[in-house]
Number of protein chains: 2
Amino acid sequence: MNGNVGEFLKENGIKPSFQRIKIYEFLMNSKEHPTVENIYNALYSQIPTLSKTTVYNTLKIFMEKGIAMAINIDENEVHYDATTYLHGHFKCQRCNHIFDFSISLEDVTDEALENFEIIEQQVFLYGVCPSCKNKS
Amino acid sequence: MNGNVGEFLKENGIKPSFQRIKIYEFLMNSKEHPTVENIYNALYSQIPTLSKTTVYNTLKIFMEKGIAMAINIDENEVHYDATTYLHGHFKCQRCNHIFDFSISLEDVTDEALENFEIIEQQVFLYGVCPSCKNKS
DNA sequence: GTATCTGCAAAACATTTGCAATTCT
DNA sequence: AGAATTGCAAATGTTTTGCAGATAC
């Protein structure tokens with residue numbers, strides 16, 4: 001999906017409006033797991049009429065269609081991610097950066113869960129990242 | 001810690017007020033991972049003057065002293081747990097029940113994290129529990 | 001021309017804060 | 001009395017909702 005975001009949205013049943021394309025492009029290219037606030041601030045200069053309501057609405061649609069996911073790693077705000085395949089998130093409690101790491105489904109399931117139908121999984125780790133450890 | 005909750009709070013550096021004892025007892029005995037609302041509603045009949053502010057304050061102290069933890073599995077409200085050793089949480093998307101399951105630290109860490117200092121970990125699974133699966 | 005999409009303003013809701021009253025020792 | 005605790009009322013901050021205007025097909 002490196003070419004046309006509009007096409008990608010269509011393929012996923014989403015009408016590719018200007019706002020939706022811009023929001024998806026930003027989310028896709030961001031490695032920062034942006035919040036609604038982050039997305040709004042980043043796009044405001046390009047789209048001066050943008051409202052946060054539209055950002056909220058759009059992210060909701062993306063999630064319903066399975067092309068984005070919410071990351072509830074933060075107490076206050078929800079972060080969003082265009083990468084929907086299984087991976088873990090590490091949040092540094094000093095610099096607040098969120099790092100991705102890989103993980104497999106077998107890692108997080110237990111035999112006690114064999115009769116449970118698992119639809120989604122989230123693995124969050126909290127601590128201090130290497131860069132912040134070196135500073136102390 | 002089956003005997004005296006007041007003693008347990010003292011051992012953890014918390015002055016055992018009536019409200020604090022009642023809140024900890026409720027949290028400890030609950031397997032439902034209650035929210036602030038749940039705790040408040042459950043104790044209101046016993047402690048008619050109780051305020052939610054006190055519940056918030058008390059849970060904050062419990063977390064600071066390491067005898068309770070927040071579970072951010074829900075989009076809306078924070079759930080609390082008196083069990084602070086590592087375990088995962090499964091949330092049924094139909095009945096909203098939260099189930100515990102066991103997990104080990106090696107399960108959730110990746111070699112890419114070897115230079116990260118891990119202080120806390122949360123593993124959340126979402127899906128359908130066996131009881132709800134049978135009903136469908 | 002009708003559906004959908006957008007965005008403002010207000011509402012909703014969980015949580016936090018300021019401060020005065022209460023309690024405990 | 002003095003220090004900590006409690007709880008009301010108001011503030012805060014994120015997210016949702018209602019609805020009117022704009023846009024797209």
Task: Partner set under side-chain hydrogen bond (donor to acceptor under 3.5 Å, both in side chains) for A:Glu117, not counting sequence neighbours - done: none
Open item on the list: Could you identify the nucleotide paired to D:dT23, looking across every strand shown and requiring Watson-Crick or G-U wobble geometry with both distances under 3.5 Å?
Closed with: none
- [ ] Taking heavy atoms of chain A and a 4.0 Å limit, find me the 5'-most and 3'-most nucleotide of DNA chain D within that range.
- [x] D:dT14 to D:dT17
Open item on the list: Both B:Phe18 and B:Asn76 contact DNA chain D. Which one's nearest nucleotide lies toward the 5' end?
Closed with: B:Phe18
- [ ] For B:Tyr44, check ring-ring contact (aromatic ring centres under 6.0 Å, His included) against everything at least two apart and list the hits.
- [x] B:Tyr40
TODO: Identify, residue by residue, the members of residues 38-75 of chain B with a heavy atom below 4.0 Å from DNA chain C, and return them in order of residue number, or none.
DONE: B:Thr53, B:Tyr56
- [ ] For A:Ile73 and A:Phe90, work out which heavy atoms get closest and say how close.
- [x] CD1-C, 4.3 Å
TODO: Go through the structure and list residues passing side-chain hydrogen bond (donor to acceptor under 3.5 Å, both in side chains) with B:Gln121, not counting sequence neighbours.
DONE: none
TODO: State which residues pass side-chain contact (heavy atoms from CB on, under 4.5 Å) with B:Ser102; sequence neighbours excluded, sorted by chain then number.
DONE: A:Asp110
Please tabulate, for side-chain N and O atoms in residues 5-16 of chain B, each donor-acceptor pair with protein atoms closer than 3.5 Å (sequence neighbours left out).
from: B:Asn12; atom 1: ND2; to: B:Phe8; atom 2: O; distance (Å): 2.9

Task: Residue pairs involving residues 119-136 of chain A (criterion salt bridge (Lys or Arg N to Asp or Glu O under 4.0 Å); sequence neighbours excluded) - done: none
Open item on the list: Using a 4.0 Å cut-off to any heavy atom of chain A, which nucleotides of DNA chain C are the first and last in contact, reading 5' to 3'?
Closed with: C:dT4 to C:dA9
- [ ] With sequence neighbours left out, write down each residue that passes ring-ring contact (aromatic ring centres under 6.0 Å, His included) with A:His97, or none if nothing qualifies.
- [x] none
Task: For A:Asp74, all residues meeting salt bridge (charged side-chain N to carboxylate O under 4.0 Å, His left out), sequence neighbours excluded - done: A:Lys91
- [ ] Remember a base hit wins even if backbone is also touched, and classify A:Gln19 as base, sugar-phosphate or nothing at under 4.0 Å, heavy atoms.
- [x] sugar-phosphate
Open item on the list: Please enumerate all residues that pass side-chain contact (heavy atoms from CB on, under 4.5 Å) together with B:Glu37, with sequence neighbours excluded.
Closed with: B:Thr35, B:Asn41, B:Lys52, B:Glu77
